[in-house]
Amino acid sequence: QLACPLDLGCHSVEKFRNAIKGFNSPLVTGVRGKGLLNAFTVADLPDGKSAYDLCMLFKERGLLAKPTHHTTIRLAPPLVITDKQMDDCLGIIKSCLDDFPAMDRARFKDSH
């Protein structure tokens, strides 16, 4: 049970942003946000893939995210997200960032 959702929210924001930066993924070119609303930008992706395609991979693995433009991914976790849930989300993001560059573009051909 949460004593104060805002305390967890502030902790989660810091944890999220630091974790994404700490992945040192060549795909991530920036991390930003305000409150629990966060976004990260991805580099120009190989083989015509886009942030949308990366979001579809997140979805396959259990995480919903919103692509914005061609290179930005927005995440808006609930105010009541737990540390365990945040860790699970970060694990999905990390695995997707690691796996995505090697995936064939044809996998995403129907995604737009």
Side-chain angles (χ1 to χ4, degrees):
Q1 181 143 18
L2 301 177
C4 177
L6 291 178
D7 289 341
L8 180 60
C10 292
H11 172 73
S12 294
V13 166
E14 184 177 324
K15 180 179 186 173
F16 173 84
R17 292 182 190 147
N18 288 336
I20 298 292
K21 291 174 189 174
F23 293 157
N24 293 317
S25 171
L27 292 181
V28 177
T29 60
V31 179
R32 65 182 184 273
K34 186 169 188 167
L36 277 178
L37 301 175
N38 292 284
F40 62 95
T41 52
V42 292
D44 288 331
L45 299 169
D47 303 328
K49 291 183 259 185
S50 68
Y52 182 90
D53 298 322
L54 186 54
C55 286
M56 291 299 99
L57 183 59
F58 289 165
K59 180 182 170 189
E60 286 177 17
R61 296 186 183 179
L63 177 66
L64 297 178
K66 169 78 171 108
T68 304
H69 306 294
H70 188 71
T71 59
T72 302
I73 296 175
R74 294 186 301 178
L75 294 115
L79 289 173
V80 294
I81 192 167
T82 67
D83 277 339
K84 165 108 174 57
Q85 291 167 328
M86 180 63 72
D87 290 341
D88 292 345
C89 292
L90 289 168
I92 291 169
I93 293 168
K94 172 80 167 100
S95 71
C96 290
L97 290 172
D98 290 345
D99 297 344
F100 189 70
M103 292 184 161
D104 184 10
R105 173 66 176 113
R107 173 188 175 101
F108 305 104
K109 69 180 174 144
D110 294 327
S111 63
H112 297 282

- Task: From the options Leu36, Leu37, Leu63, select the one residue that forms a side chain to side chain contact (heavy atoms under 4.5 Å, CB included) with Leu75.
- Result: Leu63
Taking side chain as C-beta onward, heavy atoms only, is [X] less than 4.5 Å from [Y]?
X      : Y     : answer
Pro67  : Thr72 : no
Lys66  : Thr68 : yes
Cys96  : Ile93 : no
Phe100 : Asp98 : no
Met103 : Leu57 : yes

Work out which heavy atom in [X] is nearest to a heavy atom in [Y]; give both atom names and the distance.
X     : Y     : result
Leu97 : Phe40 : CD2-CE1, 4.4 Å
Lys15 : Asp83 : NZ-O, 3.8 Å
Arg61 : Ser95 : NH1-OG, 3.1 Å
His70 : Lys49 : NE2-O, 3.8 Å

- Task: Look only at the side chain of Arg74 and the backbone of Ala65, and say whether a donor-acceptor pair between them is shorter than 3.5 Å.
- Result: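 Answer holds: no.
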Just list the side-chain donor-acceptor pairs under 3.5 Å for residues 18-30, sequence neighbours left out, or say none.
| from | atom 1 | to | atom 2 | distance (Å) |
| --- | --- | --- | --- | --- |
| Asn18 | ND2 | Glu14 | O | 3.2 |
| Asn24 | ND2 | Gly22 | O | 3.4 |
| Ser25 | OG | Leu27 | N | 3.1 |
| Thr29 | OG1 | Thr41 | O | 3.4 |
| Thr29 | OG1 | Thr41 | OG1 | 2.8 |

- Message: Quick one about Arg32 and Asn38 (side-chain donor to acceptor, distance below 3.5 Å, no hydrogens or angles considered), yes or no?
- Response: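 Their side chains do not contain a donor-acceptor pair, so the 3.5 Å distance test is not met.
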- Rounded to the nearest 0.5 Å, what separation is found between the CD1 atom of Ile92 and the CG atom of Leu64? 9.5 Å
- Quick one: OG on Ser50 to CE on Met56, what's the gap to the nearest 0.5 Å?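 Between atom OG of Ser50 and atom CE of Met56 there are 9.0 Å.
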- Query: Would you call Lys94 and Asp99 a salt bridge, taking side-chain N to carboxylate O under 4.0 Å as the test?
  - Reply: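 No, this pair does not count.
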- Message: With side-chain contact (heavy atoms from CB on, under 4.5 Å) as the criterion, how do Ile73 and Phe58 come out once you've worked through the C-alpha distance, each side chain's angles and the decisive distance to 0.1 Å?
- Response: CA-CA 11 Å; Ile73 296 175; Phe58 289 165; 4.0 Å; yes
